[in-house]
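In what follows, a structure is listed as structure tokens, so that the remarks can point back to it.
Note on naming: letters A, B, ... go to the chains in the order of the sequence lines (proteins, then strands), and numbering restarts at 1 for each one.
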Amino acid sequence: MNTTPDLMHTTSTLTFAHHWDHFLARWGYRRGEHRVTPGLYALGQPTPESPVFVTANYTLSFDALRSSLPGVDGYILVLDTQGVNVWCAAGKGTFGTDEIVRRVEATRLSEVVSHRTLILPQLGAPGVAAHEVKQRTGFKVEYGPVRAADLPEYLKTHQATPEMRQVRFPLRDRLVLIPVELVHLAGPTALAALVLAVLLGPLAASGAVAAVLAGAALFPILLPWLPTEDFSSKGFILGGLTALPLALASRKRGEGRGWPLAYLLSLPPVTAFLALNFTGATPFTSKSGVKREMFRYIRVMAGMFGAGVLLALGLRLTRRAK
Amino acid sequence: MTTCNEATGATGTRTGFVAQSKRNTLAFNADACINCGMCSAVCPQGVFAPGVRGARRVQIVRADACMECGACMRNCPTGALFVDSGVGCAAAMITEALRGLKKPTCGAPEPTCCGPEAACCG
């Protein structure tokens, strides 16, 4: 067959259905299924001279791109990244040189446009070798800004300012990550709280829930304002502050002097561990840094947690013996 | 893929490469650099300052901020940059350790630690 593959059409408008899809994605609902069909899309009324933008086949990536281009006529080349966003897919290599070459050939892009330039999101760069794409397809890779929202400004000169090139992690970006963290942790936390409620009472159960909420929800919000540099020690500080009222409450109840210590030993490491896990959701942690941090803190976390749990169980058993 | 051991070997023994920071694995071979500007275009952390017109090589101004995403290494046409790129994600590393995987991954098709626009896998 020698026919040109179908050109799909899209607009820069997002409907309620798109926003609903984004909401579900943020809550982790069918996380791998928020996909766009890979291929070539016409945005507006493009001509052979119109620019070509490349993105991932994750609905949030595709929608962020097209909704940033109102009034722009162009083409969007959607790569098959298996429903994963640009940055993560670039790390895996699915947003990569081979997939670009494959997709440029499959869509016969060189017959659709007269120029030879692809505009890529800057965060796709870890997976793409620009010089190799040029060599294999004839298309020059132009890295656009980090954020799609900066594209209209970028398109005026095709030069990104240092601000456009810098990745940031503002409060809004941190907030949207919280729901999926909570969804992942809801089951295990509920189970732990139930076991603790039966074994040790409601205060211990609420302690577990508080430690998890501090690590999964409060930590992302407070990240830049917590003192110290690494995530684990920030988590220990936040976990300590969370455990303090519980420790004081247990002391007030006069259940024995060991209880406050049990809370202060077992809860902060839970928050700190979740804080450490948040490294993967940020746009600035390095593999070397995280490795160093894990080496330094994981044993401390395990030791404190183990000691706290043993102490609580010991106190529970002695209370029963009395 | 480059393994950790190869990376150490590369930064330690490959001639011309000089480690740029104690905090990460970024290494630079100044003699190979042609100051094309690709590294400063792709780096999301402003590690490189675009070379002044006429300068022979790029300037590395924030080496400690390198997050080892590997974008500069992959896009350097002369191979003047090296970084042991990988995932700066504790959850992925723990999963790797538990499953005995060789390379941490976000776990496609369902990412385990990636926020839709947030970074996870460098």
Side-chain angles (χ1 to χ4, degrees), chain A residues 22 25-26 31-34 58 60-61 64 81-92 94 97 122-123 125-131 141 143 146 160 162 165-167 169 173-174 176-177 180 184 231 276-294 298, chain B residues 1 4 7 21-26 36 38-46 48-50 64-78 83-94 97 103-122:
Chain A
H22 301 172
R26 295 294 191 193
R31 193 112 192 262
E33 295 177 28
H34 299 267
Y58 181 46
L60 266 81
S61 306
T81 59
Q82 299 170 33
V84 173
N85 68 77
V86 170
W87 174 253
C88 289
K92 290 160 139 354
T94 47
T97 308
Q122 188 189 326
L123 291 185
V128 180
H131 50 281
V141 167
Y143 286 109
V146 165
R165 292 256 173 260
Q166 179 84 31
V167 76
F169 201 35
D173 289 2
R174 301 197 303 276
V176 295
L177 299 175
V180 78
H184 279 145
F231 283 55
L276 173 64
N277 274 328
F278 195 66
T279 48
T282 70
F284 49 78
T285 51
S286 69
K287 187 167 87 170
S288 301
V290 173
K291 263 188 185 169
R292 216 168 24 241
E293 194 173 324
M294 285 172 67
I298 287 257
Chain B
M1 281 319 244
C4 287
S21 168
K22 284 180 181 167
R23 300 169 67 104
N24 53 60
T25 53
L26 180 65
C36 68
M38 279 308 279
C39 52
S40 50
V42 297
C43 178
Q45 293 294 350
F48 309 95
D64 283 354
C66 172
M67 57 188 290
E68 300 175 325
C69 71
C72 57
M73 175 173 69
R74 182 146 301 201
N75 283 279
C76 177
T78 62
V83 66
D84 179 18
S85 63
V87 183
C89 173
M93 287 184 200
I94 292 165
K103 184 179 162 57
T105 171
C106 278
E110 187 167 339
T112 53
C113 63
C114 303
E117 279 130 20
C120 147
C121 311

| remark: Counting heavy-atom pairs under 4.5 angstrom with chain A, the leader among B/Ala71, B/Cys43, B/Pro44 is B/Pro44
| Side chain, backbone, both or neither: which part of A/Ala130 has an atom under 4.5 Å from a heavy atom of chain B? | both
| remark: Okay, A/Arg292 and chain B: the region with an atom under 4.5 Å from a heavy atom over there is side chain
| request: Could you check if a side-chain atom of B/Thr25 sits within less than 4.5 angstrom of a side-chain atom of A/Lys287, using non-hydrogen atoms only? | output: no
| task | Take the angle between the ring planes of A/Phe278 and A/Phe231 and call it parallel below 30°, perpendicular above 60°, tilted in between. | result | tilted
| A/Ser61 and A/Asn85: side-chain donor and acceptor closer than 3.5 Å? | no
| Do B/Glu68 and A/Ser288 get their side chains close enough for a donor-acceptor pair, meaning under 3.5 Å? | yes
